[in-house]
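Here is the structure we will look at.
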Amino acid sequence: MQNDEYFDSEEFRELLEEYENAVNTGMPVFMDADELAEIADYYQMNERYDEADAAIDLALSLSPGAVAPLTYKIHEALWNGDTEEAREYLEQITEKDEPDYVYDKGEILLAEERVEEADKFFREEFKNVPPEEYQDYVVDVANIYADYNYPEQAMQWMSRAHQEDSQEFKELMARTLFGLGKYKDSEKIWTELIDADPFSKHYWNALASTQFMSENYSGSVESSEYAIAIDPEDPEGLLAKANGLYHLYNYEEALKFYQRYSERVPDDEFGLMHQGTCLINLGRFGEAVGMLTQALETAPDDSPYLSDIYQELSFAYSEDGDDRHALQMLDRADLLDSTDRVQTLVVRGHIKLAAGKVKEAERYYRKAVVTSDSPNQTLLRIIVSVYDNHYLEAAYQLFLKFFQIVPSDHCEGYAYMALVCYDLKRFDEFLCYLKTACERNPHECQIALAHIFPDDLDPKNYFSYIQERMQK
């Protein structure tokens, strides 16, 4: 598939104009299959699907076994999850000596998750590649692995290539490093690409994603703002900014950008779900129920977010005083294979405790700890739940026991204990736990204690900030 830069070129614009003039006047189209496939790619990219199909059908009527239009059909079938149909189109290709035939066959294997077989196939075909085409082949194969989210294999093929200073090579390297979790290295390359092309919203969005994954949420928001400045209607930029604001606990502003995103992508349950979670965090529980119900109605049966939606709905119902529906949502969540049953047990305990049913809450909490693969993590979630239900002294006593059983270098829970001590006005203990929390887990400090401190203060400096104020 061609890139945006080619579609913006004078060469393609002339090709498109010639094609559309012929179609609109009923004249014959004198173009080869490759050119018609490029036009179809352009239409598809711009969501003009009927016109894309017409261009491909014309290409296949003129050249029935041509690789370019059949590759388009293969990609369309793979996008729809139909590998059998993709194989049928593959068999129709007559130009089996073309690189695209090799790439198509390898892609089908990857779509079927036959990774070892795909790699063996690509390596066997590599033996037949002329030396002058080595670079193109290994980079193309690496791109395919990156597209299918196999970054280790992509990097293996990248290591066979000569290092290039080209935009395409750098993009592929940045994507591959991102997939490997090497976010700082990926960020460096995206920054270089932006320096060369500062008006690329794609680069700014990619940088925002990389910063988000390295938990640089402020940087991610700033990068997304550049993408939005270039294209105010860009869904990717709007979603990136919403996600960054959400993780900065700026729920009011995050809600606005999730709303703008959903206006442009109304059938994406992710944006609707996060509008609901923002409303929960803003204490607008009735509105949250309505929004999360809309997310549930929008989500397909195989949505990866179904369990999260049910659990958020459960919490919203509970906070809105409707425990019956809250528990029904958890029942539905537990029917899904993707649901963390330990988490739903904790939430059930939370709902029962909120209703004042302490013994029932204890039973759910105890079962959650016993069945958990990470009992200390589960116990921490339970103590936070106890705190959220305003049982401050109980949370305090549970934390004392918690810190006796975890390893001496444990990093989690100290910020929440500092918060409990703060609310109980045990300020000496508050300072002690705050100091430990700032040293061991600044991220948890931000989650638990940000409302106590100035917005622009780095969480790792919370303790020193109080020290300075005490010395004045």
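Numbers for residues simply follow the sequence, beginning at 1. Small disclaimer: the values here were computed from a predicted structure and weren't measured.
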(message) I'd like to check the side-chain contact (heavy atoms from CB on, under 4.5 Å) partners of Pro131; sequence neighbours left out, ordered by chain and number.
(response) Tyr134
(message) With a 6.0 Å cut-off on the ring centroids, do Tyr261 and His274 count as close?
(response) no
(message) Ignoring hydrogens and geometry beyond distance, is a side-chain donor-acceptor pair present between Gln259 and Glu263 at under 3.5 Å?
(response) no
Just list the side-chain donor-acceptor pairs under 3.5 Å for residues 11-33, sequence neighbours left out, or say none.
residue	atom	partner	partner atom	Å
Arg13	NE	Phe7	O	3.4
Arg13	NH1	Tyr42	OH	3.3
Glu20	OE2	Tyr43	OH	2.7
Glu20	OE2	Arg48	NH2	3.4
Asn21	ND2	Glu17	O	3.2
Asn24	ND2	Glu20	O	3.0
Thr25	OG1	Asn21	O	2.7
Thr25	OG1	Ala22	O	3.4
Asp32	OD1	Asp34	N	3.1
Asp32	OD1	Glu35	N	2.8

(message) Are Phe199 and Trp204 an aromatic pair, judged by ring center distance below 6.0 Å?
(response) no
(request) Check whether any side-chain N or O of Arg260 sits under 3.5 Å from a backbone N or O of Lys256 as a donor-acceptor pair, and report yes or no. (result) no
(request) Keeping to residues at least two apart or across chains, list the salt bridge (charged side-chain N to carboxylate O under 4.0 Å, His left out) pairs with something in residues 94-118. (result) Arg87-Glu112, Glu112-Arg114, Arg114-Glu117
(message) List the residues meeting salt bridge (charged side-chain N to carboxylate O under 4.0 Å, His left out) with Glu439, not counting sequence neighbours, and say none if there are none.
(response) Lys435
(request) Would you mind listing every salt bridge (charged side-chain N to carboxylate O under 4.0 Å, His left out) that reaches into residues 138-152, with sequence neighbours excluded? (result) Asp147-Arg175
(request) Using a cut-off of 6.0 Å, state whether more than 12 heavy atoms not belonging to Asp50 lie near its atom CG. (result) no
(request) Check whether any side-chain N or O of Ser159 sits under 3.5 Å from a backbone N or O of Gln156 as a donor-acceptor pair, and report yes or no. (result) yes
(request) State whether a side-chain donor-acceptor pair under 3.5 Å links Gln275 with Glu287. (result) no
(message) Show, in sequence, the C-alpha distance, side-chain angles and deciding distance for Ser307 and Gln311, and conclude whether the side-chain hydrogen bond (donor to acceptor under 3.5 Å, both in side chains) test is met.
(response) CA-CA 6 Å; Ser307 179; Gln311 291 184 62; 3.1 Å; yes
(request) Give a yes-or-no answer on whether the side chains of Thr344 and Asp334 include a donor-acceptor pair shorter than 3.5 Å. (result) yes
(request) Evaluate the ring planes of Tyr137 and Tyr103, with Trp represented by its six-membered ring, and classify them as parallel (under 30°), tilted (30 to 60°) or perpendicular (over 60°). (result) tilted
(message) Test of understanding: with salt bridge (charged side-chain N to carboxylate O under 4.0 Å, His left out), list the residues that count as partners of Asp455, not counting sequence neighbours.
(response) none
(request) Output every pair passing salt bridge (charged side-chain N to carboxylate O under 4.0 Å, His left out) with a member in residues 195-217, not counting sequence neighbours, ordered by first then second residue. (result) Lys201-Asp231, Lys201-Asp234
(message) Just checking His451: does its NE2 atom have more than 12 heavy atoms from other residues, nucleotides or ligands closer to it than 6.0 angstrom?
(response) yes
(request) Show the numbers, then the answer: is there a side-chain hydrogen bond (donor to acceptor under 3.5 Å, both in side chains) between Glu171 and Gln167? (result) CA-CA 6 Å; Glu171 281 188 39; Gln167 167 190 322; 3.2 Å; yes
(message) Could you walk me through whether Gln377 and Ser372 satisfy the side-chain hydrogen bond (donor to acceptor under 3.5 Å, both in side chains) test, starting with their C-alpha distance in whole Å, then the side-chain angles of each, then the deciding distance to 0.1 Å, before giving a yes or no?
(response) CA-CA 9 Å; Gln377 290 276 357; Ser372 175; over 6 Å; no
(message) Test of understanding: with side-chain contact (heavy atoms from CB on, under 4.5 Å), list the residues that count as partners of Ala450, not counting sequence neighbours.
(response) Gln446, Tyr462
Just list the side-chain donor-acceptor pairs under 3.5 Å for residues 180-188, sequence neighbours left out, or say none.
residue	atom	partner	partner atom	Å
Ser186	OG	Ala174	O	2.9
Ser186	OG	Trp190	NE1	3.2

(message) Test of understanding: with salt bridge (charged side-chain N to carboxylate O under 4.0 Å, His left out), list the residues that count as partners of Glu225, not counting sequence neighbours.
(response) Lys241
(message) Restricting to salt bridge (charged side-chain N to carboxylate O under 4.0 Å, His left out), what partner residues turn up for Glu124, sequence neighbours left out?
(response) Lys127
(request) Could you list the residues that satisfy side-chain contact (heavy atoms from CB on, under 4.5 Å) with Ile452, not counting sequence neighbours? (result) Leu419, Tyr422, Leu449
(request) Decide whether Glu269 and Thr298 meet the rule of one side-chain donor and one side-chain acceptor closer than 3.5 Å. (result) no
(message) Does any part of the side chain of Lys73, heavy atoms only, come nearer than 4.5 Å to the side chain of Glu85, both counted from C-beta?
(response) no
(request) Take Gln135 and Arg160 through the side-chain hydrogen bond (donor to acceptor under 3.5 Å, both in side chains) test and state the conclusion after the steps. (result) CA-CA 8 Å; Gln135 181 76 355; Arg160 295 181 169 99; over 6 Å; no
